[in-house]
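Worksheet: the structure to be examined is printed underneath.
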Amino acid sequence: MRKTKETGNARNRFKGNISRRDFLSLSALGLSSLTILPSWKTESGIKIAPSDRVVMGFVGLGQQGCSDFKSFSSCPGVQVAACCDVDSVKRERFRRRVAEWQRVQGMNERCDMYEFYEDLIARKDIDAVEIATPDHWHALIAIEACQAGKDVFCQKPLAYTITEGLAVQTAVRTHHRIFQMGSQQRSSAEFQQAIKLVREKAIGHIDKVYVRVGDPPKPLDLPEMPVPSNLNFNQWLGPLNDPKIHYHPDLCPPISLDPEVDEQLWGAWRWYQETGNGYPADWGAHMYDIVQAALGMDGLGPVEFIPKGYEGILYATMNYADGVVMTDQPFREDRPDDKGIQFIGDKGWLKVARGYIECSDPSLLQKQEQKVEKGQYEVSSPHMQNFIDAVRAHRDPIAPVEYGTSTNTLCCLFNIARELNRPVRWNPALLSFEGDRQAARHRLYYYEYRKPYKLPYLNTRNNL
């Protein structure tokens with residue numbers, strides 16, 4: 001981990017609960033250099049005073065980071081002071097987009113660029129940090145941001161391992177920070193309606209839940225290729241401690257600036273078990289998150305995970321303590337590959353996906369099905385506005401850290417059972433594998449970081 005004398009001192013200064021106004025009063029840069037506007041107005045016409053503006057720094061500037069900026073830039077009172085990425089070309093692309101937005105808004109054009117996230121976090125004038133890096137970096141950046149007194153918006157899933165997610169939760173609550181998961185479906189109308197109907201037992205007691213999320217990760221099979229000069233691949237690796245990981249452009253999709261050509265694919269690190277958790281984490285962090293919310297299981301989760309193929313089982317199965325059975329299978333027969341959910345109760349069923357909701361009793365809702373444009377759900381201003389409002393009010397947002405922790409744990413346990421090829425039991429209240437030492441030694445529960453990286457708030461004593 002790159003750690004300068006200045007960075008270390010900054011971390012020591014920022015430990016503890018320092019208010020946003022304290023940060024602003026200490027700022028050498030100051031808000032005056034970022035904008036010339038006297039105030040902002042919300043859509044309802046409410047003025048936002050300069051003291052209530054939220055200054056952000058972005059870490060991770062790929063497709064998701066750029067989409068998140070587009071959403072945050074539509075939230076009144078948001079300013080962007082800095083950005084960070086291990087790819088210098090992506091840093092420059094982001095800076096140009098911010099500068100164009102600032103120009104349109106009448107702000108001074110300034111967005112400082114950093115290669116190392118510690119330098120961005122050390123900035124006194126930044127109130128909130130947005131994290132859109134690969135999953136294996138989420139925990140360390142989020143924790144250090146909390147220690148520095150920053151509020152955090154973190155893309156899903158919360159972390160790469162169960163232990164990392166729990167450590168982030170500890171950091172958020174220890175330092176009294178505002179933390180929003182990038183689980184934007186919680187802010188979408190069709191999913192909010194589905195959650196409400198299930199909670200109100202409109203289709204009765206839930207017996208089964210079908211969820212389609214996609215395939216699990218596979219072993220890394222990309223050939224090694226030379227690292228381009230614009231990419232610090234060693235920093236991209238960070239804490240990952242697997243010698244089989246090497247550079248391939250699919251892991252870090254390249255872009256160009258003149259002419260501007262964006263990524264042609266999502267970072268393939270998601271699809272390999274050495275660097276990601278596959279669709280069970282990528283889409284599972286969305287769909288399982290909605291199931292957790294609807295069943296009232298936020299902060300908890302299933303107690304047993306049975307992998308597909310075990311003793312002839314057709315679909316991976318997750319059993320809740322109250323008897324609800326969730327299976328990873330198609331949720332609608334006419335479109336078996338679509339990602340979505342079907343809740344099955346003793347009085348009917350409810351299906352929900354992006355832009356779609358349907359119920360066995362049409363009187364409970366008007367059937368809604370709309371075409372979802374590419375990238376539409378990656379740009380979610382309401383979810384970002386909810387975070388900004390929470391930062392101003394210093395209250396929990398719609399998707400706080402505990403929700404992200406329990407969903408992340410669920411996704412990891414899904415893959416642990418699959419890789420062990422047998423059932424795995426988990427006590428979500430005690431955070432315990434109940435004596436299963438093999439499961440407790442799995443890398444998705446905890447792995448030793450590559451030196452010199454260390455995970456703060458490490459606590460594995462309850463894993464058995």
Side-chain angles (χ1 to χ4, degrees), residues 24 27 29-43 47-48 50 52-117 119-121 123 125-133 150 153 155 182 184 228 230-231 252-267 373-388 391:
L24 294 178
S27 173
L29 175 62
L31 290 173
S32 60
S33 66
L34 290 173
T35 181
I36 60 174
L37 298 180
S39 63
W40 285 81
K41 286 187 178 181
T42 65
E43 291 182 358
K47 284 190 175 183
I48 298 175
D52 280 330
R53 291 174 187 161
V54 177
V55 180
M56 298 189 66
F58 285 70
V59 183
L61 310 177
Q63 289 189 87
Q64 190 63 61
C66 289
S67 294
D68 288 351
F69 162 67
K70 184 176 180 181
S71 293
F72 275 114
S73 68
S74 69
C75 300
V78 167
Q79 297 176 1
V80 179
C83 64
C84 172
D85 198 277
V86 296
D87 186 328
S88 62
V89 179
K90 291 181 181 178
R91 292 198 297 270
E92 175 60 19
R93 175 182 64 177
F94 191 87
R95 186 201 65 77
R96 292 183 185 185
R97 293 185 181 183
V98 172
E100 176 59 25
W101 166 69
Q102 290 171 333
R103 184 160 52 249
V104 171
Q105 294 294 322
M107 304 177 187
N108 291 341
E109 296 172 26
R110 179 168 182 177
C111 178
D112 296 331
M113 299 184 292
Y114 298 98
E115 182 176 3
F116 300 98
Y117 72 90
D119 296 329
L120 182 147
I121 288 174
R123 288 273 294 263
D125 58 318
I126 291 177
D127 306 316
V129 174
E130 197 271 353
I131 302 171
T133 63
K150 316 300 186 188
F153 184 101
Q155 269 304 327
Q184 72 269 25
N230 56 284
L231 176 67
C252 315
I255 65 168
S256 63
L257 294 177
D258 301 305
E260 184 172 300
V261 179
D262 290 334
E263 298 91 338
Q264 300 302 297
L265 73 161
W266 288 98
E373 300 295 335
K374 182 180 179 181
Q376 176 181 333
Y377 276 77
E378 308 311 321
V379 180
S380 178
S381 299
H383 199 61
M384 278 63 176
Q385 186 64 61
N386 176 263
F387 171 67
I388 297 300
V391 169

Inset, instruction - Decide yes or no on side-chain contact (heavy atoms from CB on, under 4.5 Å) for L61 and D87, but give the supporting numbers first. - result: CA-CA 8 Å; L61 310 177; D87 186 328; over 6 Å; no
Shortest non-hydrogen pair, C83 vs R91, comes out as SG-O, 4.1 Å
Could you tell me whether the side chain of P382 reaches within less than 4.5 Å of the side chain of Q184, counting heavy atoms only?
no
Side chain to side chain donor-acceptor pair (under 3.5 Å) filter on D262, not counting sequence neighbours, yields R93, R97
**Asked** Is any side-chain heavy atom of F58 less than 4.5 Å from a side-chain heavy atom of V98?
**Response** no
Interatomic distance, OG1@T133 vs CD@Q155, rounded to 0.5 Å, equals 9.5 Å
Sorted by chain and number, sequence neighbours left out, salt bridge (Lys or Arg N to Asp or Glu O under 4.0 Å) with E100 holds for R103
Rounded to the nearest 0.5 angstrom, the CZ-OG distance for F153 and S71 is 8.0 Å
**Asked** With under 30° as parallel and over 60° as perpendicular, where do the rings of F69 and W101 fit, or are they tilted in between?
**Response** perpendicular
Between P253 and K90, the two heavy atoms sitting closest are O-NZ, 2.8 Å
Rounded to the nearest 0.5 angstrom, the CE-OG distance for M113 and S88 is 8.5 Å
Residues at least two apart in sequence or cross-chain that pass side chain to side chain donor-acceptor pair (under 3.5 Å) with D85, listed by chain then number, are none
Scanning both residues in full, the closest heavy-atom pair of R123 with A81 reads NH2-CB, 3.6 Å
Across all chains, not counting sequence neighbours, the side chain to side chain donor-acceptor pair (under 3.5 Å) partners of E92 are R95, R96
Which of V129, D68, I388, D127 passes side chain to side chain contact (heavy atoms under 4.5 Å, CB included) with M56? It is I388
Taken to the nearest 0.5 Å, the spacing of Q79 CD from R53 CZ works out to 5.5 Å
- prompt: Under 3.5 Å, is there a donor-acceptor pair between the side chain of E130 and the main chain of G65?
  reply: no
Nearest heavy-atom contact between A82 and I126 is CB-CD1, 4.0 Å
Sequence neighbours excluded, the answer for side chain to side chain contact (heavy atoms under 4.5 Å, CB included) partners of P254 is P249
Shortest non-hydrogen pair, F116 vs C84, comes out as C-SG, 3.6 Å
Closest non-hydrogen contact found for C75 with S381 is SG-O, 4.2 Å
